[in-house]
Engineer: 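The structure's right below; bear with me while I get my questions together.
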Amino acid sequence: MIPRNVAQLATLNAERPGMDYALERFTAEVTAAIAATGRVPLDVIELTTPKANIPADLALPMFKAAKALGVSPPQLAAELAASIQLPATGLVGSVEATGPFLNFSLNPERLAQHVLATIQAQGDAYGAQTLGADQTVVVDYSAPNIAKRMHVGHIRSTIIGQALVNIYRALGYRVIGDNHLGDWGKQFGVVLAAIEREGKPTTEGEVALADLEAQYARYAAAAKDDPALDEHARHWSLRLEQGDADARALWQWCVDLTMTAAQRNYDRLSVKIDHAYGESFYEPMLADVIAQAQAAGVAFRDEGGAVVVENLQKLPTFLLQRSDGGTLYMTRDVATIVFRLREFAPRALIYVVGEPQTLHLRQLFALVEAMGYGAGVTLTHVAFGTIFDAKGMPLSTRRGNMVYLEALLDDAVARALAVVEQKSPELPEAEKLAVAEAVGVGAVVYNDLYQDPKRNITLDWERMLATEGNSATYLQYSHARCVSILRRANEDGGGGVGDALTLLTHPAETRLLKHLARLPEALREAAARHAPFVIADWCYATAREFGVFFEQCPVLRAETPALRGARLRLVAATASALRRGLALLGIRAPERM
RNA sequence: GACCCCGUAGCUCAGUGGAUUAGAGCGUUUCCCUGCGGAGGAAAAGGCCGUGCGUUCGAGUCGCACCGGGGUCGCCA
């Protein structure tokens, strides 16, 4: 649904007023100039971005066109280079034939003017687009279990999901985040029975949740040897499903306790989820789902009484209802999709769920389609890999190596605070704490977002909390340096003279400007691939280019006041854009650190 | 047994069909503070892109088969 081809994008952008980013305009100008020659059929114009070692910003490979015209690619390239007319005041600086390629370069002066004006005008919204206007996307993410602490199993869904929400919003989509709480099913009966047996924990917050987990574990262990306990737990879950007031009240108490604790984690992670309907919400719709599936002929009741779905797109057989009449999470997931389609009329439904659930979601999507709900909506599973401990073992409560989200954040912040104390002892205490919070939490978030979500992650404290290289800290540090320069410029009495942005033609300046200009494109790619790491990559490349610029181009002591003014504008834009990129990932950017 | 994901530098990762040099970071070895924040910058060394066939003018990228790692497969979520 999101075009990937650059030429397509140029066309698309031209049709959308209000979108006039430098690289899109550059591409449109190049496309128009090529078309104007009348030599190349429009349908073979496929512009590509040359590799870094090629001194050009856009290339037209001539292979296809040359074949169609019966000439050699280098010959056609040379011919076009000689005859093409470039707009005099546009962003295209030059065109050159290099072998079988026609290479186009940006005009540095006009690029500088365009990019800096855009970033300054857009501020915190830099990169905003209208691509998704009038289209709704529902993102299903986080999904903690009620009466339990959030652990590393939820952190990936939460962080990746929120980044995707931010990215889609930036593209203009109406995005609805839904927290599909694990608050139902047979296991919740055990929670209630355990509380009945041992009483509500008198502790608070995460500690109370830990107590509930312990109660749960004791009850489950006892029930192994005592069928009566198991039966009692089942009875509690039944009371819950039938709306028993006491059961419902106790359930609500658990939900409130869990969500209050979760909210503190969400606040620290800059996570805000629009809804939290949870599995329980769909209870009244389940009978209808089962009936519909049978009516549609995709499910049938077998001899044992279970409702079965088989031979669906060659997928393994699965159940929609247990033989004892109970429903399954598949049943609730179908109901959830039906509800979301009716309630939000989305164009796409995105599930940010772990890779082990791939088969379940394939079955779910196939079933929903077979029931006739597939039209006009794209169902996507953004599968993320598993987190292992330093020894490569899966994390589990039983194994005793489980890592809980709050503890993880606290630990990361404590370590960051030690670094802040060492590097910046002059900061006020309150600011030290704030910086440590941003740096520590940022490290945890970035550790999850800097690479493809599909990959498994091995928990490595040293790497996660790295303060150099491709790390959150490096990005935050780059931002703080920008702000520092701007602050000192103000203290010196003013930002410099005028806005002679055409002076920004030093190679380091031009490279930085080109990277800044790429954020809109990075946003589209990140959305199309459901891959926040594209934004992380952009942030990192920007910080690196700024680092080079910082070494090579003095700002406050620039050769002339005009150049100083222009460079200050570039620094301000870098700070703003970097802050924007980090915000998309849910990472805060302190002014000092 | 079937299906899904992964395999690129010692380690962690980008590279989603096109240019005689496959890119980063960490680690290793060297440099750079009489210039704005050294949580920086520059340089070097380090690769039969898991293996083998194929498709193509061209394959890290596409197809098939193997090998290695992770995962899933009717009454849990």
Side-chain angles (χ1 to χ4, degrees), chain A residues 4 46 48 50-54 56 59 61 63 67 73 98-101 103 143 145 182 184-188 279 302 304-310 314-324 326-330 332-333 354-360 362-363 383-386 388 392 394 419-420 422-424 439 447 450-452 454-458 460 462-463 466-471 473-474 476-478 480-489 492 525 528-529 531 533-534 536-537 540-541 543-544 546-558 567-568 571 592-593:
Chain A
R4 299 276 298 284
E46 269 184 40
T48 61
K51 287 184 176 173
N53 57 331
I54 306 299
F63 301 102
K67 199 166 194 175
T98 307
F101 292 86
N103 288 336
N145 291 319
W184 213 244
K186 188 186 150 190
Q187 106 268 349
F188 212 84
E279 292 186 70
D302 72 6
V307 175
V308 182
V309 180
E310 62 181 26
K314 295 182 180 172
L315 292 166
T317 302
F318 59 96
L319 297 184
L320 214 44
Q321 189 173 26
R322 296 195 308 248
S323 50
D324 68 358
T327 55
L328 295 155
Y329 78 130
M330 179 66 79
R332 292 186 279 276
D333 277 357
E355 198 275 336
Q357 295 202 50
T358 298
L359 176 59
H360 167 72
R362 283 180 63 193
Q363 290 169 324
F384 54 83
T386 308
F388 297 96
V419 179
V420 174
Q422 181 210 332
K423 303 265 186 185
S424 309
V439 169
N447 184 56
Y450 85 100
Q451 65 182 37
D452 193 312
K454 281 198 291 281
R455 305 191 81 97
N456 291 338
I457 289 185
T458 300
D460 180 334
E462 276 197 37
R463 184 159 51 250
T467 58
E468 14 177 272
N470 191 359
S471 67
T473 311
Y474 173 64
Q476 290 168 323
Y477 178 70
S478 302
R481 285 169 118 187
C482 291
V483 174
S484 172
I485 293 172
L486 299 172
R487 186 168 45 231
R488 293 187 57 150
D492 286 3
E525 187 187 343
R529 297 174 60 182
F533 79 83
V534 173
D537 262 358
Y540 179 52
R544 266 191 325 174
F546 172 74
V548 177
F549 161 79
F550 183 86
E551 292 290 326
Q552 298 186 3
C553 303
V555 178
L556 298 178
R557 293 168 209 202
R567 284 182 174 163
L568 281 170
V571 172
R592 299 187 291 182
M593 56 189 280

Engineer: Should A:Phe63 be counted as stacked on B:G18, where stacking needs a ring-centre gap under 5.5 Å and an angle between planes under 30 degrees?
Structural biologist: yes
Engineer: Please classify the nucleic acid contact of A:Arg567 as base, sugar-phosphate, or nothing, using heavy-atom distances under 4.0 Å.
Structural biologist: nothing
Engineer: Looking at B:C36, does its base get a donor-acceptor pair with the side chain of A:Ser484 below 3.5 Å?
Structural biologist: no
Engineer: Would you measure the distance from the C1' atom in B:A14 across to the matching atom in B:C49 and give it in whole Å?
Structural biologist: 13 Å
Engineer: Given 3.5 Å as the limit, does a donor-acceptor pair link the side chain of A:Arg362 with the main chain of A:Leu315, or not?
Structural biologist: no
Engineer: By the 4.0 Å heavy-atom rule, please label A:Gly547 as base, sugar-phosphate, or nothing.
Structural biologist: sugar-phosphate
Engineer: A:Phe101 on top of B:A19's base, within under 5.5 Å and under 30°?
Structural biologist: yes
Engineer: Any idea if B:C33 is syn or anti, going by the 90°-from-0 cut?
Structural biologist: syn
Engineer: What contact category does A:Arg362 fall into here, base, sugar-phosphate, or nothing, at under 4.0 angstrom with non-hydrogen atoms?
Structural biologist: sugar-phosphate
Engineer: Measure from the side-chain heavy atoms of A:Glu355 and tell me the nearest of B:C36, B:C4, B:A14.
Structural biologist: B:C4
Engineer: Could you check whether A:Tyr450 gets within reach of a base, just the sugar-phosphate, or nothing at all, counting any heavy atom under 4.0 Å?
Structural biologist: sugar-phosphate
Engineer: Using a cut-off of 4.0 Å on non-hydrogen atoms, how would the nucleic acid contact of A:Gln476 be classed: base, sugar-phosphate, or nothing?
Structural biologist: nothing
